[in-house]
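Following: one structure in structure tokens, then a few remarks.
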Amino acid sequence: MNRLAADRISGALTLLLLAALTTVAWLLAELGLRGPISDGPQAPETVKASLQGIELQRTDLNGHRLYVIQATAGTLTEEGTIALVQPSLERLLAGSQHTQIRAGSATLSADQSTVQLTGGVTTTQARATQAQGLTLLTTEALLVRPLEERASTPGEVRIDQPGRSLTGSGLELNLRSGEYRILSNTRLELRP
């Protein structure tokens, strides 16, 4: 056997081995024997129940109402999250402060620790002891943590109070005290 014939046989065996490896890889892919893809797309949440005329109440350990969420409709998923249509979150501290938040839609987490409000959010706060009137906050989206009595947004925000308006980017809000902090680009407009 000469060198040319040996090279041809070696080349043919290499091609045969590559074809066999390709077939095995294809079979493994088809049979799903590869490891799971952790960064791939996730399956959407599946709907468990369709809800109408919703009222959700959260109380503390003593039975005092912390807040109530009302919505015209919503869906409960298998994972436990609740998607709400036209929600209103209301929180009343007796003799202290009343907060009402309205939005186009919201998602309540499965453990009820967060409410993500979107679709044009309007927050109204009034203090029982304050004669100055209402504080009106508007933003496109707001993340509320009711048990921590906090709310925040990274987006644009506008706060209107009697005699002044504040605008800026980003907000942290204490729902108990009514204190807020605009994170950047703050602009103050004073009115008579």
Side-chain angles (χ1 to χ4, degrees), residues 50-76 80-192:
S50 179
L51 311 169
Q52 299 295 319
I54 302 165
E55 181 173 294
L56 304 167
Q57 289 192 28
R58 179 70 181 220
T59 59
D60 63 13
L61 294 175
N62 298 323
H64 298 103
R65 187 175 86 174
L66 294 175
Y67 65 88
V68 64
I69 298 175
Q70 295 178 327
T72 57
T75 54
L76 173 65
T81 61
I82 302 174
L84 303 168
V85 178
Q86 296 178 335
S88 170
L89 185 147
E90 192 168 355
R91 184 182 163 286
L92 178 61
L93 289 176
S96 176
Q97 180 147 321
H98 177 252
T99 302
Q100 186 174 47
I101 304 172
R102 294 183 181 274
S105 62
T107 302
L108 179 63
S109 65
D111 64 358
Q112 301 169 4
S113 65
T114 62
V115 182
Q116 178 66 54
L117 299 126
T118 56
V121 180
T122 303
T123 300
T124 307
Q125 284 192 316
R127 289 182 188 262
T129 59
Q130 193 177 46
Q132 292 178 347
L134 299 176
T135 298
L136 179 65
L137 180 146
T138 53
T139 186
E140 187 55 35
L142 188 68
L143 178 66
V144 178
R145 293 179 180 85
L147 299 179
E148 297 174 21
E149 302 196 68
R150 302 259 180 219
S152 62
T153 183
E156 298 298 312
V157 66
R158 179 180 178 92
I159 300 172
D160 290 304
Q161 296 171 315
R164 68 180 181 179
S165 292
L166 287 162
T167 58
S169 299
L171 172 84
E172 292 177 356
L173 172 65
N174 183 320
L175 295 172
R176 177 173 284 279
S177 67
E179 294 175 0
Y180 57 86
R181 182 168 68 116
I182 296 177
L183 303 179
S184 64
N185 302 325
T186 305
R187 183 174 176 198
L188 174 63
E189 177 187 331
L190 298 174
R191 296 183 302 270

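These numbers come from the heavy atoms of this one structure, side chains and all, not from hydrogens, waters or symmetry mates.
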Please determine whether side chain to side chain contact (heavy atoms under 4.5 Å, CB included) holds for the pair Arg181 and Glu179, giving the CA-CA distance in whole Å, both sets of side-chain angles, and the decisive distance to 0.1 Å.
CA-CA 7 Å; Arg181 182 168 68 116; Glu179 294 175 0; over 6 Å; no
Kindly indicate, with the supporting measurements, whether the criterion side chain to side chain contact (heavy atoms under 4.5 Å, CB included) is fulfilled by Ile69 and Ile82.
CA-CA 11 Å; Ile69 298 175; Ile82 302 174; over 6 Å; no
Donor-acceptor pairs under 3.5 Å, side chain of residues 185-192 to any protein atom, not counting sequence neighbours: which ones?
{"from": "Asn185", "atom 1": "ND2", "to": "Ser169", "atom 2": "OG", "distance (Å)": "3.4"}
{"from": "Arg191", "atom 1": "NH1", "to": "Ser165", "atom 2": "OG", "distance (Å)": "2.4"}
{"from": "Arg191", "atom 1": "NH2", "to": "Gln161", "atom 2": "O", "distance (Å)": "3.1"}
{"from": "Arg191", "atom 1": "NH2", "to": "Arg164", "atom 2": "O", "distance (Å)": "3.3"}

Taking the side chain as every heavy atom from C-beta outward, state whether Leu166 and Tyr180 have any atom pair closer than 4.5 Å.
yes
At their closest point, which heavy atom of Gly168 faces which heavy atom of Ile182, and how far apart are they?
CA-CG2, 3.7 Å
What residues, two or more places apart in sequence or in another chain, satisfy side chain to side chain contact (heavy atoms under 4.5 Å, CB included) together with Gln116?
Thr118, Ala141, Leu143
Looking at CD of Glu90 and CD1 of Ile101, how far apart are the two atoms once the value is rounded to the nearest 0.5 Å?
10.5 Å
What is the distance from atom OG1 of Thr123 to atom CG of Leu171, rounded to the nearest 0.5 Å?
8.5 Å
Partners passing side chain to side chain contact (heavy atoms under 4.5 Å, CB included) against Glu140 (at least two apart in sequence or in another chain):
none
Considering all heavy atoms of both residues, which atom of Thr122 and which atom of Leu136 are nearest to each other, and what is their separation?
CG2-CD1, 3.3 Å
Taking all non-hydrogen atoms of both residues into account, name the closest pair between Leu134 and Ala126 and its distance.
CD2-CB, 3.3 Å
First locate atom CD of Gln86, then atom CZ of Arg102, and finally report the distance between them rounded to the nearest 0.5 Å.
10.0 Å
Going by the rule side chain to side chain contact (heavy atoms under 4.5 Å, CB included), which residues pair with Ala106 if we only count those two or more places apart in sequence or in a different chain?
Leu84, Pro87, Val115, Leu117
Looking at Ala103 and Val121, what are the two nearest heavy atoms and their distance?
CB-CG2, 4.0 Å
Exercise: do Ser152 and Glu172 side chains pair donor with acceptor under 3.5 Å:
no
Report the C-alpha separation of Gln125 and Leu175 in whole Å, then their side-chain angles, then the decisive distance to 0.1 Å, and conclude whether the side chain to side chain contact (heavy atoms under 4.5 Å, CB included) test is met.
CA-CA 9 Å; Gln125 284 192 316; Leu175 295 172; 4.2 Å; yes
Which residue pairs satisfy the salt bridge (Lys or Arg N to Asp or Glu O under 4.0 Å) criterion with at least one member in residues 108-126, sequence neighbours excluded?
none
Can a donor-acceptor pair be found, under 3.5 Å and without considering hydrogens, that links the side chain of Ser109 to the backbone of Thr114?
yes
Please check if the side chain of Thr153 supplies one atom and the backbone of Gly170 the other of a donor-acceptor pair under 3.5 Å.
no
Under the side chain to side chain contact (heavy atoms under 4.5 Å, CB included) test, which residues partner Leu147, sequence neighbours left out?
Arg58, Leu66
